2 protein chains.
Amino acid sequence: MHSLNNLIIEFYDKLSSWEQSVVKDTGYSLAQVHTIEVLGSHGPMRMKELADRLGITTGTLTVQVEKLVQFGLIARTPHEVDRRSILVELTSEGTALHKHHNRMHLQLTEDITRHLDPESIKVLTQSFEKMNREF
Amino acid sequence: MHSLNNLIIEFYDKLSSWEQSVVKDTGYSLAQVHTIEVLGSHGPMRMKELADRLGITTGTLTVQVEKLVQFGLIARTPHEVDRRSILVELTSEGTALHKHHNRMHLQLTEDITRHLDPESIKVLTQSFEKMNREF
DNA sequence: ATTATTTTGTTTGATTGTCAAGTTATTTGG
DNA sequence: CCAAATAACTTGACAATCAAACAAAATAAT
């Protein structure tokens, strides 16, 4: 248990470094790419929901979104029913960035699991499912 | 493979959120606790090495270390042989914080793995070992 | 041995990400 | 209909960060 704990911490650290270097290559900041990632994997959403998912305040997000709009990565559209709200969604350019980032992640997953046999991958997948449910 | 990739991303996100909330409770910042963590798990080291492990410049670290010294969490001692260098190490208070954080991590690992049978934990541990080696 | 280069840590100035608090517009509940 | 809650924005203040310039010391080259 103790060793598994250390392995998880090490895994997290290495994933962090990897993410940082991959993001740097895009020319955008970590916060910016993270925003694109969330929008890409969950689809268009209101500012409030996006802020919650990113773990930041809406005030911070307002500024961040403004930049991303100027970069042409995302677009703001009024909410159909709630006129207080704004829907934020990826532009085609934003979608392209998300897909690119996704491919990087997939490649990494393939790279780090290449010495695992099919049975281990199966157990690993099930274990991640169970662990993610417990957070 | 595709689903495993998504599970890893989800796992990373959840671990991130967890870390953020645990760190917030300590009253110190994420960067500060991270510095304590590295010093706690690897022992005293030079500024340069610490900066490299944290993925920041020595300039940034100089400022950060100054604060942590004022908080009484770490101490600076001259390097025995290289007079350009400074050794940074945890004080007893810093060690206490590290131990506390470590206990939190261990508790989390126990919590998220509680529905895994011993055999799965074994495979999971071996898989993490192999994956960490491939980064 | 002397000089040039590299390494280590610090300082400074600029930029980014962040929050808290206050504001406005809108929605919801009594 | 009015009060309270919610959504987004604005502003002012910090934290964290980097790059560049610097000084001191170690290392390499000649």
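Side-chain atoms are counted along with the backbone in the values below, which use heavy atoms only and exclude waters and symmetry mates. Given the structure is predicted, the values throughout are model-derived calculations rather than measurements. Sequence lines set the chain letters: A, B, ... in the order given, protein chains first and strands last, and positions in each chain run from 1.
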Problem set entry | Under the side-chain hydrogen bond (donor to acceptor under 3.5 Å, both in side chains) test, residues paired with A:T109 that sit two or more places apart |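 With neighbours one apart ignored, the set is B:N5.
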Problem set entry | Test side-chain hydrogen bond (donor to acceptor under 3.5 Å, both in side chains) applied to A:H105 - qualifying residues, sequence neighbours left out |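 Per chain and number, A:H105 pairs via side-chain hydrogen bond (donor to acceptor under 3.5 Å, both in side chains) with A:E19, A:H101.
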Whole angstroms only, please: what is the [atom1]-[atom2] distance between [X] and [N]?
X: A:L68; N: C:dG17; atom1: CG; atom2: C1'; result: 13 Å
X: B:R76; N: C:dG9; atom1: CZ; atom2: P; result: 11 Å
X: A:I86; N: C:dA25; atom1: CD1; atom2: P; result: 14 Å

Exercise. Mind telling me whether C:dA25 is syn or anti, cutoff 90° either side of 0?
Worked result: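 Anti.
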For this session: Compute whether any side-chain donor of one residue and acceptor of the other, for A:E134 and B:H115, lie under 3.5 angstrom apart.
Result: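 Per modelled atom types, A:E134 and B:H115 side chains form a pair under 3.5 Å.
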Exercise. Just by distance, do the side chain of A:T26 and the backbone of A:V22 share a donor-acceptor pair under 3.5 Å?
Worked result: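 No.
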Exercise. Does A:S29 use its side chain to pair, donor to acceptor, with the backbone of A:Q32 at less than 3.5 Å?
Worked result: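 Checking the backbone N and O of A:Q32 against the side chain of A:S29, a donor-acceptor pair under 3.5 Å is found.
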All N/O contacts under 3.5 Å from nucleotides 27-30 of chain C to the protein, with atom names and distances to one decimal?
{"unit_1": "C:dT27", "atom_1": "OP1", "unit_2": "A:V81", "atom_2": "O", "d": "3.4"}
{"unit_1": "C:dT27", "atom_1": "OP1", "unit_2": "A:R83", "atom_2": "N", "d": "3.0"}

For this session: Quick one: look up who D:dA15 pairs with, Watson-Crick or G-U, both distances under 3.5 Å, and put none if it's unpaired.
Result: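 Check on D:dA15: unpaired, no WC or wobble geometry under 3.5 Å.
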Problem set entry | Nucleotide forming a Watson-Crick or wobble pair with C:dT8, both distances under 3.5 Å |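 The answer is D:dA23, by the H-bond criterion.
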Exercise. Does any residue of residues 21-46 of chain A have a heavy atom under 4.0 Å from DNA chain C, and if so, which ones, in number order?
Worked result: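 Residues of residues 21-46 of chain A that come under 4.0 Å of DNA chain C are, in numerical order, A:S29, A:A31.
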For this session: Using heavy atoms and a sub-4.0 Å distance, could you list which residues of residues 50-62 of chain A are near DNA chain C? By number, please.
Result: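 Listed by number, they are A:G55, A:I56, A:T57, A:T60.
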Exercise. Is A:I9 isolated, or which residues cluster with it under the ILVMFWY side-chain rule of less than 4.5 Å, directly or via members?
Worked result: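 Besides A:I9, the hydrophobic cluster comprises nothing; the residue is isolated.
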Problem set entry | Residues that, via side-chain heavy atoms closer than 4.5 angstrom, fall in one hydrophobic cluster with B:V123 |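 In the cluster with B:V123 are A:V123.
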Solution key, residues 43-54 of chain A side-chain donor-acceptor pairs under 3.5 Å, sequence neighbours excluded:
{"unit_1": "A:K48", "atom_1": "NZ", "unit_2": "A:D52", "atom_2": "OD2", "d": "3.1"}
{"unit_1": "A:E49", "atom_1": "OE2", "unit_2": "A:R53", "atom_2": "NE", "d": "3.4"}
{"unit_1": "A:E49", "atom_1": "OE2", "unit_2": "A:R53", "atom_2": "NH2", "d": "3.1"}
{"unit_1": "A:R53", "atom_1": "NH1", "unit_2": "A:H42", "atom_2": "NE2", "d": "3.4"}

Problem set entry | chain A footprint on DNA chain D, 5' to 3' - any atom under 4.0 Å from a heavy atom |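 Extent of the interface on DNA chain D: D:dT6 to D:dT10.
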Exercise. Under the salt bridge (Lys or Arg N to Asp or Glu O under 4.0 Å) test, which residues partner A:D117, sequence neighbours left out?
Worked result: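 Partners of A:D117 under the salt bridge (Lys or Arg N to Asp or Glu O under 4.0 Å) test: none.
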Exercise. Taking only residues two or more places apart in sequence, or in another chain, which ones meet B:K14 in a salt bridge (Lys or Arg N to Asp or Glu O under 4.0 Å)?
Worked result: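 With neighbours one apart ignored, the set is B:E10.
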Contacts table for residues 86-95 of chain B: side-chain donor-acceptor under 3.5 angstrom, sequence neighbours left out:
{"unit_1": "B:T91", "atom_1": "OG1", "unit_2": "B:G72", "atom_2": "O", "d": "2.6"}
{"unit_1": "B:T91", "atom_1": "OG1", "unit_2": "B:L73", "atom_2": "O", "d": "3.0"}
{"unit_1": "B:T91", "atom_1": "OG1", "unit_2": "B:E93", "atom_2": "N", "d": "3.3"}
{"unit_1": "B:T91", "atom_1": "OG1", "unit_2": "B:G94", "atom_2": "N", "d": "3.1"}
{"unit_1": "B:T95", "atom_1": "OG1", "unit_2": "B:T91", "atom_2": "O", "d": "2.9"}

Exercise. DNA chain D: A:V63 or A:L87, which has the more 5' nearest nucleotide?
Worked result: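 That would be A:L87.
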For this session: Starting at CD1 of A:I8, measure out to CG of A:L4 and round the result to the nearest 0.5 Å.
Result: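 Those atoms lie 4.0 Å apart.
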For this session: Decide side-chain contact (heavy atoms from CB on, under 4.5 Å) for B:S17 and A:F135; before the verdict, give the C-alpha distance in whole Å, the side-chain angles of both, and the deciding distance to 0.1 Å.
Result: CA-CA 10 Å; B:S17 302; A:F135 269 94; over 6 Å; no
